[in-house]
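This report refers to the structure that appears directly beneath it.
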Amino acid sequence: MWLRLKVTLRDLPKWQIAVLVMWVGFIFLTIFGPMIAPYSTIEADPTSRLLPPSGDHWFGTDENGIDIFSRVLACPRTDIVIAVAATFLSVFLGSPLGVVVGLYESRKGAISTAGADIFMRLLEVIQSFPVFVFAMVLVAIFSGSLVNIIIAIAFVNMPVFVRLVRSEVLSLVQRPFAEAARAVGNTEMRTGFKHILPNATPTVVVQVSVTVGFAILLTAGLSFVGAGVKPPTPELGAMIASGSKYLIIGQWWPALFPGVTLGLIVFSFGIVGEIVNKVLDPRVVRDGSDRRRVLSVQKTSGKESSVDMPMKVMTTNKSPILEVKNVCVSAGEGDDQGILNDVSFSIGPGESLAIVGESGAGKTILLKSVLKLLPFPLEINSGSVHFESSDLLAMDRNQIRPMRIRQISAILPNAKSQLHPLVNVGDMIVGALQAHEKIKKKQAQKRAVELLTMVGITDPESRLAAYPHELSGGMAQRICLAISLMYQPKILVADEPTAGLDVTIQRQVLDLTKDLAKEFNTARLIITGDLGIAAHYCDRVAVMQAGKIVEANYTDKLFKNPVHPHTKQLLGSVQS
Amino acid sequence: MRIILYIGRRILFLIPQVLLISFITFALVRLLPGNPARMSLGPLAPESAIEAYNVKMHYNLPIPEQYWIWLKGIFTDFDLGESWVNGSMVIDDMIQRIPVTLEVMILALILVAIVLVPLAIITAAKTKNKIVVFFQNITFGYGMLAGALPDFLLGLLMIFIFFTNFGIMPGPEGRLGILEFEPPFVTGSILLDSIFDGDWELFWSGAWHLAMPVFTLAFVYGAPIFKMLRSQMEGALQAEYTTYGEAIGLRSRTIFIRAARVASGPTLVITGVVVMFLLGGAVLVETVFNLSGLGQYAVQAIVTADYAPIVAFVSFAAIFTMLVYLAVDLAHFAMDPRIKIGGSDT
């Protein structure tokens, strides 16, 4: 975590560092503000009422003749202390409750779940009170002393933390570490508090940073309507309220200075919250400097692979369907090393080529370059990609679109996540058909049924209404196959076509793909980490490492007689 | 059929919850400092008059019994009690004030829908397009500002700039100018009622008076909606299904609409939260602009320890909140087939 903190701070944009410094300034004022104020912050001086800003009074004076600058300096002591104290109070009350509720809920017994259920309904009741009015009532009842305001704000924020911790507990309690903790003899509660709660900390801390900002606004808002901190205690909301009368008639300083200060405090807490989030949440990806890590692509080194490989087989003897020449890909400007380096190959009608390599070798990037689907920062710097005689790189999206699946078709990994989660199978296929030809919905649906039958799906009519989450992986893969082959394309490009399927299904899907491709005379470019697939289903194999094709040959020759050390290494890892 | 059962069950749940909320409020407000009898009859009233007053208002009875009487009053003749501060019936006040709050709230949501929603969708795409990048920069600034500006401060600043300095907008004088009279009551909305009355001059005055409060609310409370929609849309446009849609040659329009469908679910949920918040959060904006809506009503009632209006307001807010949540859940269910209704709904 310290490392992440360091990395985060180093990568912070300049303006965020400025905000961070400002935030530290506000914390400083919270502690020392009232001491360094040049004038008294509560003693009225009727002789100097409503003086505009000047050298003596930088922010002017208010209706009681008190120096506004001094009062503003003293305000964080009130506002920030109330907000922070209230937030921590709600964390310390809410988190244990959340742990207990979560634990009870995760139990099987009817009584404990019913108890947790009733508790959640009660929370719902508290939460459906309008927050602001609820806080007002609480403050009004228990008199507006500082402590009571803190308690009121803590109380209205508490349900957030109960809910948050509860849902964390519910998901963490099934994790192996929690089970292990129980297995070695910890009681349920002890497991909850000692092992599960610490794991929920990052989420809670992020919520704390959000809640503090909200609590500051709530404090100021309450005081603004006269239901929070009362004058003469220096407090921003109350100062804005008393200044607002004069703002309307043009004397802007009594309300504006505290107003801007309030905005800056909330703003700085918001940014600090984001920074905390970056430090604590590993899922947040910083953009810019480390997008390569995000794409998990190895660097091309350039020096490697001086072995002279039999590269002739990379080109087809027939007139090529797809021809890729010297393609280089990099992550936009300023990236001189590149992700793909000088990749060339071609495929003729009905042929099949496998590209194998470790994950991160750049296989998927290669496929996306061929399909012109590279994700945002990546771009093709040089080289060419030709489909028959047309130059794909010179065409724009609208020109390529009609060619997709009619001529160039694609299968992408994990079919279930490729299908749109909110679109059912029928609409998915009908949508694809209607994107490529003028066809009535009825007719398209009939075609969809035929297509599903083609890929061996039983009871196709009833499958049309199914959504992706209701399909098995194999079924989803077959549907993707049906879509990609519905126009008998010239070439099918497949990226890990069997990822996530179990072995028997893998085999069925691959056999089906092969048979249909043979039937339609469709060429296949298969990208896979599985050498077995390459060996069984492709005529030629190319090995990729760090963005380069290091060896290529006819399948049987390559497997019998690997030359490049990386190829040997890959084969070795299969055999061992 | 299942859905009807589900709605029925949710509404059934709502009854005990609202009863509980109203009872808690009913009991809480009686703890408010201040003696209603003394405050309404004045410091010189004799003890016997105080007692008579308490008997008349049932304040001498135990709280559960008072609550029971109040509850019976609602069901027998729509009686929500009486404000002892100005002696009016709470039900009449509510009918006067609910349209004011709803009007501002709905207009603010419409403003969010026609300005912020398209902006969020346009700026979600990762692109080098100059116009889009320009809008991205603007909305980046908006996101920063809207999170930090308290609504009452924004309201005050707008009054200062557009009323005090430039004099192009009306000041905080309420829904209409001081010398203007409200149109005959039909819906309670000044805009609608003036249209029904055919008084276009009044309509424009009403619209002009509402402009700044509506803008303030939309600016501050539109931010969570905007941020959620934008991040969801960003995610959807980078999701695998979007790439796949492009790979199989779907029209850009289809891809975009499908991404927007994914983004609209969570956006709707956060909109529900914002709507709930607007009801109570509009308090400050109503105070700043002097709009006689529900929020201002509640604030005045709390400050004066006026029991009946507080209970009525909180109960109304609770019912409103829960119905909004129910509507949001149902809409979310209709939009997303992955959501099972009637399962665990916590």
### Task
Please round to the nearest 0.5 Å and tell me the distance separating atom NE2 of A:His436 and atom CD1 of B:Ile248.
7.0 Å
### Query
Which bit of B:Thr321 is near chain A, if near means a heavy-atom gap under 4.5 Å: side chain, backbone, both or neither?
side chain
### Task
Could you tell me which portion of A:Ala227 (side chain, backbone, both or neither) has an atom closer than 4.5 angstrom to a non-hydrogen atom of chain B?
neither
### Query
Taking C-beta and beyond as the side chain, do B:Leu156 and A:Phe224 meet within less than 4.5 Å on heavy atoms?
yes
### Summary
Turns out that what part of A:Ile249 lies under 4.5 Å from chain B's heavy atoms comes down to backbone
### Query
By a 4.5 Å heavy-atom criterion (distance strictly below it), what part of B:Ile310 contacts chain A: side chain, backbone, both, or neither?
side chain
### Query
Which atoms form the tightest heavy-atom contact between B:Arg251 and A:Gln434, and what is the distance?
NH1-O, 3.1 Å
### Query
Would you call B:Val283 and A:Val133 a side-chain contact if the rule is heavy atoms closer than 4.5 Å?
yes
### Task
Select one option (side chain, backbone, both, neither) describing which atoms of B:Ala318 are under 4.5 Å from chain A's heavy atoms.
both
## Note on the structure
Minimal heavy-atom distance between B:Phe160 and A:Leu247, with the atoms involved, is CD1-O, 3.3 Å
#### Entry: Derivation and outcome, side-chain contact (heavy atoms from CB on, under 4.5 Å), residues A:Leu256 and B:Leu157
CA-CA 8 Å; A:Leu256 199 68; B:Leu157 287 179; 3.1 Å; yes
### Task
Answer yes or no: is there a side-chain heavy-atom contact under 4.5 Å between B:Leu28 and A:Phe134?
yes
### Query
Heavy-atom distance under 4.5 Å to chain B: side chain of A:Ser417, backbone, both or neither?
both
### Query
With a 4.5 Å heavy-atom cut-off, do B:Glu246 and A:Leu371 have their side chains touching?
no
### Query
Taking all non-hydrogen atoms of both residues, which atom of B:Tyr241 and which atom of A:Pro421 are closest, and how far apart?
CD2-CD, 3.4 Å
### Query
Any idea which heavy atoms bring B:Val262 and A:His420 closest together, and the distance?
CG2-CE1, 3.3 Å
### Query
Is any side-chain heavy atom of A:Leu217 closer than 4.5 Å to a side-chain heavy atom of B:Asp151?
no
### Query
Measuring heavy-atom distances to chain B, does A:Ala241 have an atom under 4.5 Å in its side chain, in its backbone, in both, or in neither?
neither
## Note on the structure
Bottom line for A:Glu470: the part with an atom under 4.5 Å from chain B's heavy atoms is neither
### Task
Pick one of side chain, backbone, both or neither for A:Leu264, based on which atoms fall under 4.5 Å of a heavy atom in chain B.
neither
### Query
If you tally heavy-atom pairs under 4.5 Å against chain A, which of B:Thr243, B:Leu149, B:Ile159 wins?
B:Thr243
### Query
Step by step, would you call A:Cys480 with B:Tyr244 a side-chain contact (heavy atoms from CB on, under 4.5 Å)?
CA-CA 10 Å; A:Cys480 284; B:Tyr244 184 69; 3.5 Å; yes
### Task
Under 4.5 Å heavy-atom distance to chain B, tell me which part of A:Arg406 shows up: side chain, backbone, both or neither.
neither
### Task
Look at atom OH of A:Tyr246 and say whether more than 12 heavy atoms of other residues, nucleotides or ligands are closer to it than 6.0 Å.
yes
### Query
How long is the span from the CD1 atom in A:Ile405 to the CG atom in B:Leu250, to the nearest 0.5 Å?
7.5 Å
### Query
What is the minimum heavy-atom distance between B:Pro172 and A:Ile248, and which atoms define it?
CG-CD1, 3.7 Å
### Query
Are the side chain of A:Arg401 and the backbone N or O of B:Gly249 linked by a donor-acceptor pair below 3.5 Å?
yes
### Message
Could you tell me if the side chain of A:Val423 sits less than 4.5 Å from the side chain of B:Arg258, heavy atoms only?
### Response
yes
## Note on the structure
Closest non-hydrogen atoms of B:Ala247 and A:Leu412, given as atom of the first, atom of the second and distance, are CB-CD1, 4.4 Å
### Task
Could you tell me which of B:Thr287, B:Val314, B:Val299 has the largest number of non-hydrogen atom pairs under 4.5 Å with chain A?
B:Val299
#### Entry: Portion of B:Ala236 that has a non-hydrogen atom of chain A nearer than 4.5 angstrom
neither
#### Entry: Under 4.5 Å from a heavy atom of chain A, the part of B:Leu145 involved
neither
